[in-house]
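See structure below.
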Amino acid sequence: MSIYDTLNPEQKRAVLHDKGPLLILAGAGSGKTRVLTHRIAYLIEEIGVNPWNILAITFTNKAAREMRERVDKLVGYGSENIWVSTFHSTCVRILRRYIDTIGYSRSFTIYDSDDQKTLMREVCKYLNIDTKKTNERSILSVISKAKDELITPEEFERTAGGDYNQSRYAKAYIEYQRRLKASNALDFDDLIMKTVELFQTNKEALTYFQNRFRYIMVDEYQDTNTAQFHLIHLLSSGINEYGDREFNLCVVGDDDQSIYKFRGANIYNILNFEKAFPNAQVIKLEQNYRSTKNILNAANEVIANNQGRKDKALWTDNEEGEPVHFTHFNTDFEEADNITAEIQRMVESGEANYHDFAILYRTNAQSRLFEEKLVMRNIPYRIIGSVNFYARKEIKDILAYLKTINNGLDNLSVKRIINVPRRGIGLVTIDKVTTYALQENISFYEALTRANHIPGLERMASKITPFVSLIEGLKSRLNQEGYSLSELIDDVLDATGYLRELEEENSEEAMDRIANIDELVNKLVTYEENAPEEPTLAGFLEEVALVSDIDNLEEGADNIVLMTLHSAKGLEFPYVYMCGMEEGIFPGYMSIYAENPVEEIEEERRLCYVGITRAMKCLSLSAAKQRMLRGETQFNRPSRFIQEIPRYLLKVTAPGPGRFPSSNQNSNFTTTARENNPMNTNFDKQNSWSAKKTTDSYKPYLLPKAKHFEGSNMGSLDYGVGDSVKHIKFGVGIVTNITKGGKDYEVTVDFPKFGVKKLLSTFANLVKINE
DNA sequence: TGTATGGATATTTTT
DNA sequence: TATCCATACA
C-alpha cells in the first residue's frame, strides 16, 4: 500500500503528472493541498527529482507553513531543501542576492502600506497635490495597479499623454518611485515588479534560478496578478538538457474563489492558462470532502448565478446534514447576541468546542458588536485582521529604529523616530534638514550628521548630534563580534529611553504598549533561534514586514475565530456563521453602485461562495433588519445571495425573543461582565487588550428610535426649542433646533457671542436657564 | 515646540 | 462612531 492509493482517480492523475504545464482546477474542499504535497513526494521519490529543484509558492505564510509541515511528513529525506514560500518572500530572497545589479543596495527596506501612505503624503505636498481632492490612497491604488501590470513610471507618463488627471498620477508615480529608490526601499508591489525587472535585465540571474527551480508549483493561482504571471512564466521557461522548454509548472486554483480582483488579481491567468502554456493538461478535482450535501448544494446554487466560469460541478459523498439556517433578526445587536448565545449553549451542552466555530463577516467593522457580546459572555475568541500587531505605534517606532540602523537611507524611518521619544526636534527643524538634504542630494540621515554645517541650524545641532551618536553607537555595536540581535533590541529600548518613558507614564495604555514591545522582543528571539540561516537584522525586518494577521492564527487554541470572508479563504470550520447578509453590506453598496455592477457583484458572489464552502457540518446565515453603521441606523433588505439559495435547502428560523427586549437591562450586564471577567488570563495579550478596550468603551445600547421620536422622547432633555441654555464655554444661548443623531441628540444653539453651534447633548452639558 | 481642540472625514476586502 | 488632521493656543 503506497501513499498514493488513498487518492481518488483525478487526484492521482494530478499527482502522477511529472512533466509539462498542468492546471489543476480544484474546487473548494477537494483536497488540493493533499495533491500538491503528494505530487512533491512523488517527484522526489519516484521520479528522482532533487528536492533542491522544487519551488512551491503560496500567498500566505500560513499556507506555506502548512505545506512545509505536510511535505516534511511525507518526504523523509531532503525536504528541507524544497523551497516553500510566498510570492513576496520568494522575491525578497531573490532580490537580496541580486538587487545591486539593478541599482539598489542589498540592505533595502520594505515599506508597508502605512509607510506608503506617509511617503505619498510627502510626495503630494512636494507636488502641490491637494490631498483633499485626491487622497493619497487613491493615488497609491493607481500606482499599485500600474505596478501589478508591470507599467513603469515612464511608461505610465507616456500613456497618460495630455490627460490632466493621468499626468498628475504620472507625476506622483515618478516622484514616489524616486523617493523609494532614494530611501533604498521597496513597497510590496515592487518586490514582484523588481524581481521581474531583474530577470529581464540580468540573464545570469534568470538562468541561475531557472536551473534551480526545475519544478514549480503555485497555489491559489486564481489570485495571481499580471506581474506574478510574468514572474512564474520567466522562471518556468528554462531550457532543459535537450534544448527544450519544459514548463514544469503546476498551478492549482479555482476561478470561483477568485476574490482579489480589487488587488490586481487577473482572472485571465487561470482562464487562459491553456493559451499561455500550450500543451497544458487540465485536471478537475470535483469531489468535495469537506461539507455536507446541503451546504455544498447551497454553494453550487449561489455560484451558478455567475457567468463566464470554468465549467465544473462539485459533488460530495458526505451525508445530507442539516439544512442551511437563515435568521432575519430585528437588529444587528440581536444578531450578535443570539449567535453568541447559541454558540455558548452548544459548547456548554458538550455538543461542540469553541474552536469549531467561525463567525464571518464582510467588513472588519462588523466585528465590534460580536466582540462586545463575547466579552460579556466570557467566551474566548480571537479576531483576525482588525489591528495588525505590526501596525501599532510602539511596534512601528521600535522597528523604525531597527530599520534606521539597518538602512540609513530609509528616510521615512529616520524621520519617524527622530523625535520619538521627544528630543525637542520639531517640524521646523525637520523641514530645514530635508531641504538641505535635497539640495545636497544626500539622505536625510546623512544631512543630520552634518547638522552643524547647515545654515540656520547651528543652534539645533546640540539636539541633533546626540541622536546621531545614539544611532552610530548602536550601529557599531551591531558590527561587533558576538553581539546578538536580541542584545541590540534591548539596547535600543534602553538607550533611546523609549521603555523608560512608557514605564514612567504608568497608565494602562502604556502597560499595554510595553506588553506589545515585550511581544516584539519575543518574536525577535524566536527568529534568532529558528532562523534557517545566519540571523540578520535585515532578515528579521523582512520577516516582520511580510506577515499578515492570519499567519498568527494558532491551531489548537480553544476559541471562536472572527474574521472577514477574505481572510477565511483556505480555512474550514465545522460550524460557520455568516452574518450581515444584507444588501448594501454583502454585497456591499460599493459593488452595487459601481460602474460595472455585474462584474463587481460577481466578485461578491464568489466571496459568498468562499464563505459557504468553509462550513463542514453546519452553516448559519443571518441578516438584520436594522443596523448601526458609522453612527447611523440603516435599514437593509436581506442579501440577494439568500434568495439564490433554493428554499428547500434553507431552514428559516424566526429570531428568538431577543435577550434584551428593552434597553435598560443592559447596564446590569455591562457591569457584571466587567467584574467577573476571569477569562482575561486565558487570552493572549492581543485579546485581553482588545477585550479591555471595548469593555471600557461599551455603552448601553439604545433601541434606535428612528422615525417617531419627536414627541415623548424629548423628555430626556430638560430643555427644548426656544429655551435658554448655558454652555460652559459659549455662555448663554437659545436652542433653535434639536435632532436625533446616532444615539444622541444634536442640539443647535444660537449663542450671541459665538454664533450658531451644533452640539451633542451628552457632551455639551447644557443647562437650562429659567428666565 | 508641544498640546488641545474641534472639525472633517471615512469606512471593502490585504500580501 | 472613531480616527485623523489642521489650527489655535500655551
Side-chain angles (χ1 to χ4, degrees), chain A residues 57-64 85-92 110-114 116-117 121 131-132 135-138 140-141 144 147-148 187-192 220 223-225 227-228 258-265 360-366 368-369 384-388 390-391 393 419 422-430 460 463 545-551 563-569 580 584-592 594 600 603-604 606-607 610-611 628-633 693-694 697 699 729-730 741-744 754 757-760 762-764:
Chain A
I57 302 184
T58 62
F59 270 85
T60 64
N61 296 297
K62 183 169 182 290
S85 74
T86 65
F87 267 104
H88 295 271
S89 15
T90 302
C91 289
V92 172
I110 300 166
Y111 277 1
D112 66 19
S113 28
D114 272 352
Q116 287 180 279
K117 213 176 138 199
R121 195 171 309 142
T131 49
K132 275 183 188 136
N135 67 358
E136 302 93 335
R137 277 195 153 158
S138 58
L140 280 168
S141 100
S144 171
K147 288 183 176 180
D148 286 345
D187 64 19
F188 286 134
D189 302 311
D190 278 342
L191 293 177
I192 315 285
E220 307 281 14
D223 289 332
T224 51
N225 62 31
Q228 287 160 337
S258 153
I259 54 174
Y260 283 112
K261 205 188 76 183
F262 74 93
R263 219 171 63 190
L360 308 181
Y361 35 77
R362 178 67 236 269
T363 65
N364 278 314
Q366 288 169 262
R368 227 198 72 223
L369 264 184
I384 305 292
S386 43
V387 230
N388 189 338
Y390 293 103
K393 181 185 175 299
N419 201 29
R422 262 168 228 117
R423 300 186 176 89
I425 304 172
L427 280 176
V428 182
T429 315
I430 293 177
M460 290 311 290
K463 291 190 169 156
L546 297 178
V547 293
S548 70
D549 207 20
I550 192 85
D551 297 329
M563 66 184 109
T564 62
L565 289 152
H566 281 90
S567 309
K569 196 183 63 170
I585 305 287
F586 186 37
Y589 67 94
M590 292 292 251
S591 60
I592 298 174
E600 302 262 326
E603 174 126 334
E604 298 276 299
R606 289 192 292 270
L607 191 55
V610 167
M628 279 286 244
L629 204 63
R630 29 188 239 231
E632 264 175 16
T633 310
K693 198 182 160 203
T694 42
S697 61
K699 291 193 194 82
K729 190 172 167 197
F730 303 130
K743 295 174 182 172
D744 212 339
F754 296 86
K757 302 274 175 196
K758 282 189 176 176
L759 308 158
L760 289 177
T762 33
F763 298 113

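The chains referred to below are lettered A, B, ... by the order of the sequence lines, with proteins before strands, and numbering in each begins at 1. These numbers come from a predicted model, not from an experiment. Excluded from the calculations below are hydrogen atoms, water molecules and symmetry mates; all remaining heavy atoms, backbone and side chain alike, are included.
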Contact class for [X] vs. all strands (heavy atom < 4.0 Å): base, sugar-phosphate, or nothing?
{"X": "A:Asn225", "result": "nothing"}
{"X": "A:Tyr589", "result": "sugar-phosphate"}
{"X": "A:Arg137", "result": "sugar-phosphate"}
{"X": "A:Gly424", "result": "sugar-phosphate"}
{"X": "A:Thr86", "result": "nothing"}

How many whole angstroms separate atom [atom1] of [X] from atom [atom2] of [N]?
{"X": "A:Arg606", "N": "B:dT13", "atom1": "CZ", "atom2": "P", "answer": "18 Å"}
{"X": "A:Glu604", "N": "B:dT13", "atom1": "CD", "atom2": "C1'", "answer": "8 Å"}
{"X": "A:Ile425", "N": "B:dT1", "atom1": "CD1", "atom2": "P", "answer": "9 Å"}
{"X": "A:Leu565", "N": "B:dT12", "atom1": "CG", "atom2": "C1'", "answer": "11 Å"}
{"X": "A:Leu360", "N": "B:dT13", "atom1": "CG", "atom2": "C1'", "answer": "13 Å"}
{"X": "A:Lys393", "N": "C:dT3", "atom1": "NZ", "atom2": "P", "answer": "15 Å"}
{"X": "A:Arg423", "N": "B:dG2", "atom1": "CZ", "atom2": "P", "answer": "12 Å"}
{"X": "A:Gln366", "N": "B:dT12", "atom1": "CD", "atom2": "P", "answer": "12 Å"}

Please determine whether a side-chain nitrogen or oxygen atom of [X] lies at a distance below 4.0 Å from atom OP1 or OP2 of [N].
{"X": "A:Thr564", "N": "B:dT14", "answer": "yes"}
{"X": "A:Asn364", "N": "B:dT13", "answer": "yes"}
{"X": "A:Ser591", "N": "B:dT12", "answer": "no"}
{"X": "A:Tyr361", "N": "B:dT12", "answer": "no"}

With respect to the side chain of [X], which nucleotide from [options] is positioned closest?
{"X": "A:Ser567", "options": "B:dT14, B:dT1, C:dT1", "answer": "B:dT14"}
{"X": "A:Phe262", "options": "B:dT13, B:dT15, B:dT11", "answer": "B:dT13"}
{"X": "A:Met590", "options": "B:dT13, B:dG2, B:dT12", "answer": "B:dT12"}
{"X": "A:Arg362", "options": "B:dT1, B:dT13, C:dA2", "answer": "B:dT13"}
{"X": "A:Arg422", "options": "B:dT14, B:dT3, C:dT1", "answer": "B:dT3"}
{"X": "A:Asn419", "options": "B:dT13, B:dT11, B:dG2", "answer": "B:dG2"}

Position toward the 5' end of DNA chain B (nearest nucleotide), A:Lys463 or A:Phe59: A:Lys463

A:Thr58 vs A:Thr363, nearer the 5' end of DNA chain B by closest nucleotide: A:Thr363

Intermediate values then yes/no, side chain to side chain contact (heavy atoms under 4.5 Å, CB included), A:Gln228 and A:Ile57: CA-CA 11 Å; A:Gln228 287 160 337; A:Ile57 302 184; over 6 Å; no

Exercise: identify the closest heavy-atom pair between A:Glu603 and A:Tyr260: OE2-N, 3.5 Å

Any side-chain heavy-atom pair of A:Tyr390 and A:Val547 under 4.5 Å: yes

Sub-4.5 Å side-chain heavy-atom contact between A:Thr58 and A:Glu220: no

Nucleic acid footprint by protein, nucleotides 5-10 of chain C - heavy-atom cut-off 4.0 Å, B for base, S for sugar-phosphate alone: S-----

Span that lies between the C1' atom of C:dC5 and that of B:dT12, in whole angstrom: 23 Å

Within 6.0 angstrom of A:Arg121 CZ, more than 12 heavy atoms from elsewhere: yes

Qualifying residue for side chain to side chain contact (heavy atoms under 4.5 Å, CB included) with A:Leu360, from A:Val610, A:Leu607, A:Leu565: A:Leu565

Matching residue for A:Ser144 among A:Asp187, A:Asn225, A:Asp189 - test: side-chain hydrogen bond (donor to acceptor under 3.5 Å, both in side chains): A:Asp189

Ion pair check, A:Glu136 and A:Lys117, cut-off under 4.0 Å: no

Under 3.5 Å: donor-acceptor pair, side chain of A:Asn419, backbone of A:Gly424: yes

